[in-house]
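These numbers come from the heavy atoms of this one structure, side chains and all, not from hydrogens, waters or symmetry mates. What you are looking at is a predicted structure, and each value in this text was computed from that prediction instead of being measured. Index from 1, following the sequence.
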Amino acid sequence: AAGLDEEELFLLVAEAGAEDLAQEDGVFVVTTPMENFAAVQEALDEAGIEPEEASLQRIPTTTLQLDPTDAQKVLRLVEHLEELQDVQAVYAALDYDEALVS
């Protein structure tokens with residue numbers, strides 16, 4: 001985020017099809033639909049802005065709340081899946097309070 005004007009960056013990525021721009025922990029996070037991913041990357045490249053990371057991630061549109069017992073079971077399952085050698089990523093649409101499952 002250092003040296004970049006947030007408003008100018010927003011206009012740049014919005015014109016390329018991005019849905020949102022947010023500043024988190026000193027970096028800008030651009031959210032875009034998958035079909036506009038390449039166009040946003042190209043717009044950033046043409047502007048001379050090199051992303052620290054560019055990747056596709058699944059973001060749930062709805063979430064599921066679980067009670068603490070079920071949340072612990074699902075989180076253990078997710079941890080076991082992430083440990084498997086052939087698994088590249090695990091996504092979940094869970095909404096839970098970390099204090100409840102600690």
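- Atoms CD and CG, on E24 and L21 in that order, are 10.0 Å from each other to the nearest 0.5 Å.
- Atom CD of E50 is separated from atom CG of D45 by 8.5 Å, given to the nearest 0.5 angstrom.
- In this structure A92 satisfies the side chain to side chain contact (heavy atoms under 4.5 Å, CB included) test together with L94, sequence neighbours excluded.
- Inter-residue side-chain proximity for L9 and L44 is flagged as met; some heavy-atom pair is nearer than 4.5 Å.
- Every pair passing side-chain hydrogen bond (donor to acceptor under 3.5 Å, both in side chains) that includes a residue from residues 51-65 is listed here, sequence neighbours excluded: E53-S55, Q65-D95.
- Its side chain outside the 4.5 Å cluster rule for every partner, Y91 clusters with none of the Ile, Leu, Val, Met, Phe, Trp and Tyr residues.
- Atom CG of L11 and atom CD of E6 lie 11.0 Å apart (nearest 0.5 Å).
- Expressed to the nearest 0.5 Å, how far CG of D5 lies from CG of L12 amounts to 11.5 Å.
- With sequence neighbours left out, Q88 forms a side chain to side chain donor-acceptor pair (under 3.5 Å) with no residue at all.
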Check: residues 75-87 side-chain donor-acceptor pairs under 3.5 Å, at least two apart:
none

Can you give the donor-acceptor pairs under 3.5 Å from side chains of residues 25-37 to other protein atoms, not counting sequence neighbours?
{"from": "T32", "atom 1": "OG1", "to": "G17", "atom 2": "O", "distance (Å)": "3.3"}
{"from": "N36", "atom 1": "ND2", "to": "G17", "atom 2": "O", "distance (Å)": "2.9"}

